[in-house]
Amino acid sequence: QKEVEQNSGPLSVPEGAIASLNCTYSDRVSQSFFWYRQYSGKSPELIMSIYSNGDKEDGRFTAQLNKASQYVSLLIRDSQPSDSATYLCAVNGQAGTALIFGKGTTLSVSS
Amino acid sequence: SQTIHQWPATLVQPVGSPLSLECTVEGTSNPNLYWYRQAAGRGLQLLFYSVGIGQISSEVPQNLSASRPQDRQFILSSKKLLLSDSGFYLCAWSPTTPNQPQHFGDGTRLSIL
């Protein structure tokens, strides 16, 4: 059974700080990794995709992937109260099947 | 660009009543389609996925069923709703090429009375 693990939180950071969200996955052959943001009462929204080891930056967001450690993280720089949401980590499943989602980490940014 | 439509946005149904939720995708052909349920404060539970017309895979045996009568249409149904069917139902699509992300509709919030 392939699994994706996330700390449920809540993770609380002050406005302007760096928020670090972590995710581990069980299937060593996984190839694609995604971060989704879900505001309360809304559907998940894709914010980052990463496929290769290393860092990928998009604005205030940086995704980091370490396949040897089976670890993917999301850094949010200059955190804003509008970043308060649940962040879902997702990993590809077998071909023709759905992504495998973690249960999400709730982030709270205080002003 | 591709868009996904899901309706209704909210639904209140009595126990034992039938259910039909519909999802359509525009701007792409032969997408992979998915139905998820999210209970309050919980993670996403995959219910069904489809890689083509008439091809449905069920992940969790229960009183729900899914159908794909057209390439870009995915329907979630039940003949008799249970209290435990309450939740946030999400439809999603992805391209058929491997390792692509899924994109979600706005969801249907279903309350069973």
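Both backbone and side-chain heavy atoms feed into the values below; hydrogens, waters and symmetry mates do not.
- Only the side chain of A:L88 comes within contact range of chain B, with at least one heavy atom under 4.5 Å from a heavy atom of that chain.
- Ring to ring, B:F48 and B:F74 are not that close: their centroids are 6.0 angstrom or more apart.
- In terms of modelled atom types and a separation under 3.5 Å, the side chain of A:N66 and the main chain of A:Y71 share no donor-acceptor contact.
- Between chain A and the residues B:N99, B:D106, B:L46, the largest count of heavy-atom pairs under 4.5 Å involves B:N99.
- A donor-acceptor contact under 3.5 angstrom links the side chains of B:D85 and B:N63, judged on distance only.
- With a 4.5 Å cut-off on non-hydrogen atoms, B:Q6 does not touch chain A at all.
- If you measure heavy-atom distances from A:F33 to chain B, you find no contacts under 4.5 Å at all.
- For A:L46, the part lying under 4.5 angstrom from a heavy atom of chain B is the side chain only.
- In summary, A:R77 and A:E57 engage in a salt bridge, as defined by a charged side-chain N under 4.0 Å from a carboxylate O.
- Heavy-atom distances place both the backbone and the side chain of B:P101 under 4.5 Å from chain A.
- At a threshold of 4.0 Å, the pair A:K2-A:D27 counts as salt-bridged, since one of the basic side-chain nitrogens sits closer than that to a carboxylate oxygen.
- In this structure, chain B has a heavy atom under 4.5 Å from the side chain of A:Q38, while its backbone stays farther away.
- In this structure, a donor-acceptor pair under 3.5 Å is present between the side chains of A:T86 and A:T106.
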